[in-house]
Amino acid sequence: MTEEKNPASSHFIANIIREDLQTGRYDRVHTRFPPEPNGYLHIGHAKAISIDFGLAREFGGLCNLRFDDTNPIREETEYVESMKQDIRWLGYDWDDRLYFASDYFDKLYRWAVDLIRKGKAYVCDLNADEIREYRGTLTESGRESPYRNRSVDENLELFARMRAGEFPDGSRTLRAKIDMSAANINMRDPIMYRILHATHHRTGDAWCIYPTYDWAHGQSDSIEGITHSLCDLAYEIHRPLYDWFLERLQVHRPRQIEFARLNMTHTVLSKRKLIRLVRESHVRGWDDPRMPTLCGLRRRGYTPEAIRTFCDRIGVAKRESVVDAGLLEHCLREDLNLRAPRVMAVLNPVKVVIENYPQDKEELIDADNNPEDASMGTRKILFSREIYIEKNDFRETPPRKYFRLSPGREVRLKHAYYITCTGVIKDPETGEIVELRCTYDPESKGGSTPDGRKVQGTLHWVSAPHAIKATVRLFDHLFTRENPFDLPEGADFTDDLNPESLVELENCPVEPGLASAEPGSRYQFMRHGYFCVDTVDSRPGRLVFNRITSLRDTWAKIEKKSLRLE
RNA sequence: UGAGGCGUGGCCAAAUUGGUAAGGCUCCUGACUCUGGAUCAGGCAACUGUAGGUUCGAGUCCUACCGCCUCAGCCA
């Protein structure tokens, strides 16, 4: 599944853009993805990336990558690199348009001086607590700072001295002079610059005052000639402030449009919560395959194509919603079904001895690699007298509608022969089934017989003497609840962590051909699901597979239902 | 009791700026099948937050109400 023909997007942002193009408000489309380099990108960012880059692509425009690095204390080059990698992996490209808000520090500084000259900004000596006090509350208006009416000259001088490093951190700020009684708190003389004697990941020690996000963001978009600034609903209330700055500065004005961020069932997507999962070792790091981070999903084996399809299908709207994680899994199956080579692996093995098959005979059997795609060819698999099958594929007393093996019943071994169960060997102590005895029908080679008789079940298997052993990690939702925030009073979201989100199986017999499987390559383990060779822990002789997602399991559903009925 | 947003089937989400509710996921049937996979065909399910109003006709316009979200960092 690759380039599916995208019909023109019909969500509200696309409609606005179409209209802007028609009315001539803009004659082109230029967007940008503006992350702060202070963490790892996750599936929620993938939605934003897909909107920003996708819309530009759809309308024949451009999309910049700009890092909003206005806070030297939190930002690191390491994050810049990981974000670039993740965006490229997703399949998007910013060409030569890689920018940083810090590229604009000089310009921003000059603009600030302009505003001071126009009497629209002033240096305030209030400390953080005092500023909060003066700001007022949601229902009461604020009070003007006693420093609000300094002369332009004094402001100019003080601002220059702030920049020169004459004052300690937090002692002064530069504020926009707007309206302390504004109903929108963001308009109550917001801070434009704060003093921070900190080393910036790119500008080093060139600055000791740094612009706030609110002061930097709109102007950065303006400088880059952005036409449509797409962002999170959270910035809706800031829009009047961005427009205020741009208007005073008399510069190019992008149109900001806000959309709802992504939420997904059974996981969390807030930076704060993800950090806790890592710090408190609930997962094995940022790239733990259970994490919703892009590096986690990548390691798990998710494909960029599936993630893009997912982003297309969830739509874009202003209403906050929670998308069913099942949709992402669906997109994965849809993609992998067409591309993943099929292979046989037994996760919970029980040995089967085929009594009428010669002791030292072995056979090479042809098997197609993907029934969906003949061009993926065939391979040879080994068959012998002793094989492994799934414990689950045998029942001593089969329930109704059970198609698999049971005493006296005949089933097909995929690609190989029909076998009939003739005996069960149990551990005399525990009663556990340790081995099954079967006979095979030599006529059934290849999976069918001359008499054309039907069997109900087809099992996967691996030849015991030829099998190689692998570690297989089965992942499940990180959180048990659909919404990990819907918790009883006083509970913490970590209380809902799924204890079975990772089940590790050792020594699973798999086809010997898998010995050469490349890290990162994906397979379908027949009748199980899609698996990916782990890029971190897997090595020759010690294969580790991650389950990307399971196959749809109709039998599990039937079984569960009948259990409920009993 | 400030301001700004949002409310369409179980979950997402459309509806040519009033014309009589797309599509996807889920779920359920059936067909087919050497993966109880895939595929195909079909089906269940919404009086569009509530109550009024305008209109021949309203998810789309008006009024009132209800619910939910965001904002009081020198974070972004």
Side-chain angles (χ1 to χ4, degrees), chain A residues 7 10-12 34-36 38 68-71 73-75 124 126-128 131-133 135-142 169-175 182-188 190-196 209-210 212-214 216-217 231-240 258 260 265 271 312-331 333-334 337-338 342 344 367-368 371-372 401-404 412-416 418 444 446-448 454-460 482 524-529 550-559:
Chain A
S10 63
H11 58 254
F12 78 105
E36 182 192 18
N38 78 333
D68 271 338
D69 53 351
T70 54
N71 186 346
I73 295 164
R74 317 202 318 171
E75 294 143 9
C124 182
L126 257 24
N127 65 34
I131 285 187
R132 191 181 322 120
E133 258 180 65
R135 184 152 36 222
T137 67
L138 295 176
T139 50
E140 306 157 45
S141 87
D169 287 5
S171 60
R172 281 174 226 259
T173 55
L174 183 75
R175 296 228 256 163
N184 182 344
I185 290 190
N186 294 295
M187 302 299 272
R188 321 242 261 230
I191 288 161
M192 297 164 60
Y193 275 94
R194 59 314 199 177
I195 302 174
L196 284 175
I209 58 171
Y210 290 93
T212 57
Y213 175 87
D214 277 346
H217 189 78
C231 64
D232 195 295
L233 249 26
Y235 296 102
E236 209 156 21
I237 306 206
H238 295 247
R239 182 168 11 109
E258 309 84 7
T265 57
K271 207 173 277 180
D312 280 346
R313 293 197 185 160
I314 56 179
V316 182
K318 294 192 78 152
R319 117 178 51 159
E320 295 186 63
S321 57
V322 182
V323 174
D324 191 337
L327 180 58
L328 217 204
E329 290 178 23
H330 169 83
C331 295
R333 292 190 189 106
E334 191 175 70
N337 175 46
L338 301 178
R342 274 113 259 208
M344 295 198 280
D368 54 348
E372 302 292 328
K401 292 190 184 170
Y402 187 81
F403 298 164
R404 281 109 101 143
R412 169 165 45 232
L413 295 174
K414 180 76 185 173
H415 300 306
Y418 289 5
S444 64
S448 57
K454 301 277 185 196
V455 290
Q456 279 201 106
T458 299
L459 311 186
H460 61 276
E482 274 208 350
Q524 184 196 99
F525 286 2
M526 295 198 81
R527 303 208 304 137
H528 279 300
S550 62
L551 247 29
R552 279 188 61 219
D553 191 346
T554 308
W555 165 244
K557 243 179 249 175
I558 295 170
E559 201 178 24

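Throughout, a chain's letter reflects where its sequence line sits, starting with A, and its residues are numbered from 1.
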With sugar-phosphate meaning primed atoms plus P, OP1 and OP2, does [X] contact a base, only sugar-phosphate, or nothing at under 4.0 Å between heavy atoms?
{"X": "A:Arg404", "result": "base"}
{"X": "A:Ser321", "result": "sugar-phosphate"}
{"X": "A:Val322", "result": "sugar-phosphate"}
{"X": "A:His415", "result": "base"}

Can you tell me the base-pairing partner of [N]? Count Watson-Crick or G-U wobble geometry only, both distances below 3.5 Å, and say none if there is no partner.
{"N": "B:A14", "answer": "none"}
{"N": "B:G37", "answer": "none"}
{"N": "B:U8", "answer": "none"}
{"N": "B:C27", "answer": "B:G43"}
{"N": "B:A22", "answer": "none"}
{"N": "B:A3", "answer": "B:U70"}
{"N": "B:C61", "answer": "B:G53"}

Any side-chain heavy-atom pair of A:Glu559 and A:Tyr402 under 4.5 Å: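 Of all side-chain heavy-atom pairs linking A:Tyr402 with A:Glu559, none is under 4.5 Å.
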Report the nucleotide, chosen from [options], that has the shortest atom-to-atom distance to any side-chain atom of [X].
{"X": "A:Arg74", "options": "B:G37, B:G73, B:A76", "answer": "B:A76"}
{"X": "A:Lys414", "options": "B:U35, B:A76, B:C6", "answer": "B:U35"}
{"X": "A:Asn127", "options": "B:A14, B:C75, B:C74", "answer": "B:C74"}
{"X": "A:Ser10", "options": "B:U35, B:A76, B:A14", "answer": "B:A14"}

Between B:C62 and B:A13 - P atom distance, rounded Å: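 Looking at atom P only, B:A13 and B:C62 are 23 Å apart.
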Spacing of the P atoms in B:A76 and B:C71 (rounded, Å): 15 Å
base_contact_polar (B:U35 base, A:Gln524 side chain, donor-acceptor, <3.5 Å):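 Checked by distance alone, the answer is yes.
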Quiz item: A:Glu258 side-chain donor-acceptor pair to B:G4 base, under 3.5 Å: no
Distances under 3.5 Å between protein N/O atoms and the N/O atoms of nucleotides 25-29 of chain B, please, pair by pair.
residue: B:C25; atom: OP1; partner: A:His330; partner atom: NE2; Å: 3.3
residue: B:C27; atom: OP1; partner: A:Lys557; partner atom: NZ; Å: 2.8

Could you state the [atom1]-[atom2] distance from [X] to [N], rounded to the nearest angstrom?
{"X": "A:Asp368", "N": "B:U35", "atom1": "CG", "atom2": "P", "answer": "10 Å"}
{"X": "A:Met187", "N": "B:A72", "atom1": "CE", "atom2": "P", "answer": "16 Å"}
{"X": "A:Ile195", "N": "B:C75", "atom1": "CD1", "atom2": "P", "answer": "13 Å"}
{"X": "A:Glu36", "N": "B:A76", "atom1": "CD", "atom2": "C1'", "answer": "5 Å"}
{"X": "A:Phe12", "N": "B:C12", "atom1": "CZ", "atom2": "P", "answer": "16 Å"}
{"X": "A:Glu372", "N": "B:C40", "atom1": "CD", "atom2": "C1'", "answer": "13 Å"}

OP1 or OP2 of [N] under 4.0 Å from side-chain N/O of [X]:
{"X": "A:Thr554", "N": "B:G37", "answer": "yes"}
{"X": "A:Arg194", "N": "B:G73", "answer": "no"}
{"X": "A:Thr70", "N": "B:A76", "answer": "yes"}

Comparing A:Phe403 and A:Thr173 on RNA chain B - which has the more 5′ nearest nucleotide: A:Phe403
Pairwise 5' ranking along RNA chain B for A:Asn337 and A:Pro371, keeping only the more 5' one: A:Pro371
Which protein N or O atoms sit under 3.5 Å from an N or O of nucleotides 65-71 of chain B?
residue: B:C69; atom: O2'; partner: A:Glu320; partner atom: OE2; Å: 2.4

